[in-house]
Amino acid sequence: MANSPHGGVLKDLYIRDEPLKATLQAEAETLPHVVLTERQLCDLELILNGGFSPLQGFHTQAEYTSVVTTSRLPSGALWTIPIYLDIDRAHLDTLGAVPGSRLTLRDPRDDQPLAIITISDIYTVDRTQEALQVYGTTDEAHPAVHYLRHNTRDTLVGGDVQAVNAPQHYDYVAIRRSPNEVRQLFKKLNWTRVVAFQTRNPMHRAHRELTVRAARMRHANVLIQPVVGLTKPGDIDHFTRVRVYQAIMPKYPNGMAQLSLLPLAMRMGGPREAVWHAIIRKNFGATHFIVGRDHAGPGSNSQGVDFYGPYEAQDLVLKYRDELDIEVVPFQMLTYLPDTDEYQPINEVAEGVKTLNISGTELRRRLKTGAPIPEWFSYPEVVRILREANPPRDHQGFTVFLTGLHASGKESIARALQVALNQEGGRSVSLLLGETIRQELSSELGYTKRERDINVARIGFVAAELTRSGAACIAAPIAPYDEARQQVRKQVARAGGFYLVHVATPLEACIKNDRAGVYARAIAGDIKGFTGIDDVYEAPSNADLVADVTKTSISQIVHEIILLLERDGYIGDR
Ligand SMILES: Nc1ncnc2c1ncn2[C@@H]1O[C@H](COP(=O)(O)OS(=O)(=O)O)[C@@H](OP(=O)(O)O)[C@H]1O
């Protein structure tokens with residue numbers, strides 16, 4: 001038998017009665033609506049499917065105050081993290097929302113109506129009180145406090161919700177399971193003792209060892225239940241992590257473990273969050289829950305000191321062990337003993353025995369540089385997935401952005417560089433010449449500052465997309481304005497490498513090079529606002545390379561660019 005839900009009843013709010021569901025769906029279309037934030041969406045999914053039992057909606061003021069100050073719902077049931085619907089006061093007023101009225105809650109991704117809330121009260125968030133009581137700090141280095149200060153809206157709307165539709169997912173659908181589905185799975189597998197494991201990080205050998213040890217100690221099966229909602233900013237994306245989890249599952253003895261995903265929005269609330277996680281796992285039917293070192297820890301504060309002690313979360317969960325009614329399996333950090341090729345909890349290692357460990361920071365460094373990751377630390381299948389998601393520079397994209405006057409030679413450099421990069425191979429090479437872009441993307445634009453800015457921004461967008469997909473992109477517009485170029489640099493640098501090359505050929509030489517006679521027409525006044533003649537060219541102050549075709553050959557300039565790319569690891573030893 002799976003564990004009983006928190007409060008005794010699983011509050012699965014999905015409506016199975018088709019006519020009633022149809023009535024609610026029709027009503028949802030007539031009501032004023034709110035588009036949920038990503039966090040609210042995660043919270044709502046777990047309210048609707050019973051993962052947050054005994055909650056049946058977003059906190060009322062009484063619930064909010066009670067949870068924040070006492071870690072309990074007014075009923076007395078343990079509940080440690082406040083779950084509320086925050087909305088801007090002004091927005092709420094335009095909806096005409098008052099206690100007693102109903103609002104449709106819509107999915108921010110596809111606008112689908114998910115639920116109807118019947119408003120029971122409207123009140124104001126108490127940011128300081130919540131930060132201090134729930135997270136123990138007002139330091140914005142704590143992600144939840146930062147969220148409270150910068151994202152949480154001022155007004156909270158409390159009330160029960162009715163389910164209209166389940167949020168639609170398109171990724172890993174088969175292993176996103178509701179509490180009811182997980183309970184059915186346990187029943188089918190004949191699992192009665194299940195130890196749940198929570199994670200927001202990739203899993204390595206130590207995690208596999210830890211969960212198997214827990215199973216052995218408690219004669220239980222294992223539910224790996226990673227968070228795929230919101231985790232700590234900067235974490236590895238859930239797509240990569242789920243591929244890792246899928247790769248690690250065959251490492252468990254046949255029939256021992258199952259993988260199921262949890263759409264939770266973590267707060268990184270340490271001790272209080274650990275209790276919340278235990279309650280949620282109880283709702284999913286687990287009988288045991290692993291709480292390790294620094295569970296749901298947010299890292300260090302603005303003074304460089306950890307917000308919570310490494311075993312503070314374990315202590316709080318153990319304090320509530322009786323009423324939680326899910327057995328907590330506390331774990332010390334597992335460490336590797338190279339001499340005996342085994343893992344052991346750090347507190348059980350005899351003095352003088354050699355241990356090895358690779359920290360998260362060290363792992364990220366090795367992924368970035370391509371340095372080896374030993375098999376004692378992780379499985380080759382896992383490392384391969386992580387490396388794919390963190391390709392070394394020579395597999396990342398880049399943009400070389402050439403800026404300069406008309407006929408400065410930037411087009412010749414661009415074409416020659418394209419050939420050189422094609423010779424190098426390994427990437428597709430795209431050329432975005434000023435003239436081509438004007439024809440293909442910006443044919444309606446002229447040459448005012450505003451229109452040039454739009455043109456250059458479009459080039460920046462395309463260059464960033466190509467760079468993200470691993471291509472080499474060579475752009476060669478005039479791009480006379482510094483601010484517009486800076487924007488492009490920012491946008492592309494988020495996706496890969498960016499190099500600004502100023503083709504600084506003097507105007508007289510450009511005029512001489514211009515066999516089409518465009519400058520002559522500009523000088524004669526037939527073309528107005530021509531760059532270099534009667535329109536400005538702001539020379540870049542932060543170019544990665546300055547080239548002048550009157551002083552340096554095209555081959556040499558291309559070589560200089562190749563040297564820059566090689567220096568940074570984008571080309572070369574592939
Ligand atoms: N008024 C005016 N000012 C500057 N350039 C003009 C103008 N009118 C037409 N042209 C021709 O348009 C070509 C492309 O300009 P760009 O799109 O690169 O300019 S910008 O970056 O949007 O400022 C550019 O050619 P290339 O430099 O060969 O690309 C110019 O010859």
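Only a predicted model underlies this, so the values are computations on that prediction, with no experimental measurement involved. As the structure lists them, so they are numbered: ligands from 1, and atoms in each ligand from 1.
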message: Taking the basic N atoms (NZ, or NE/NH1/NH2) and the acidic carboxylate oxygens, is any pair closer than 4.0 Å for Asp535 and Arg452?
response: yes
- prompt: Quick one: does Lys528 get within less than 4.0 Å of ligand 1, heavy atoms only?
  reply: yes
- prompt: Hey, looking at atom 27 (O) of ligand 1, which of Glu435, Glu411, Lys410 has the closest heavy atom?
  reply: Lys410
- prompt: Do Asp544 and Arg489 sit within salt-bridge range, that is, some charged N less than 4.0 Å from a carboxylate O?
  reply: yes
query: Which one holds for Phe530 and ligand 1: side chain close, backbone close, both close, or neither close, with close meaning a heavy atom under 4.0 Å?
result: both
message: What I want to find out is whether Arg200 reaches Asp237 closely enough, with some N-O distance under 4.0 Å, to be called a salt bridge.
response: no
- request: Look at atom 3 (N) of ligand 1 and say which protein heavy atom is nearest, naming residue and atom and giving the distance to 0.1 Å.
  value: Arg452 NH2, 2.8 Å
- request: Report the nearest protein non-hydrogen atom to atom 24 (C) of ligand 1: residue, atom name, distance rounded to 0.1 Å.
  value: Ile478 CD1, 3.9 Å
query: Quick one: does Arg177's side chain have a donor or acceptor within less than 3.5 Å of a partner on Leu259's backbone?
result: yes
statement: Atoms of ligand 1 under 4.0 Å from any heavy atom of Pro477, numbered from 1 in the order shown, are 18 (O), 21 (O)
query: Is His33 atom NE2 crowded by more than 12 heavy atoms from other residues, nucleotides or ligands, each under 6.0 Å away?
result: yes
Residues forming a ring-ring contact (aromatic ring centres under 6.0 Å, His included) with Tyr135, sequence neighbours excluded: His142
query: Which protein heavy atom lies closest to atom 21 (O) of ligand 1, and at what distance to 0.1 Å?
result: Ala479 N, 2.8 Å
task: With heavy atoms of Thr531 as the reference, note each atom of ligand 1 found under 4.0 Å away.
output: 3 (N), 4 (C)
- prompt: Using the benzene-type ring in the case of Trp, are the ring centres of Tyr519 and Phe530 under 6.0 Å apart?
  reply: yes
- request: Give the residue, atom name and distance (to 0.1 Å) of the protein heavy atom nearest atom 28 (O) of ligand 1.
  value: His406 ND1, 3.1 Å
- prompt: Can the positive tip of Arg485 be found less than 6.0 Å from the middle of the six-membered ring of Tyr537, inside 45° of the ring normal?
  reply: yes
- line: Contact region, Asn455 to ligand 1, non-hydrogen atoms below 4.0 Å, reads side chain
statement: protein heavy-atom neighbour closest to atom 12 (O) of ligand 1 works out as Tyr447 OH, 2.7 Å
Salt bridge present between Glu29 and Arg106 (N-O < 4.0 angstrom): yes
message: Regarding ligand 1, does Leu405 bring an N or O atom to under 3.5 Å of one of the ligand's N or O atoms?
response: no
message: Just to confirm my output: which protein heavy-atom neighbour is closest to atom 17 (O) of ligand 1, and how far is it?
response: Arg438 NE, 2.7 Å
field: Atoms in ligand 1 with a heavy atom of Gly529 nearer than 4.0 Å
entry: 1 (N), 2 (C), 3 (N)
- prompt: Is the shortest distance from a Lys or Arg side-chain nitrogen in Glu444 or Arg458 to a carboxylate oxygen in the other one below 4.0 Å?
  reply: yes
query: Heavy-atom contact under 4.0 Å between Val518 and ligand 1?
result: no
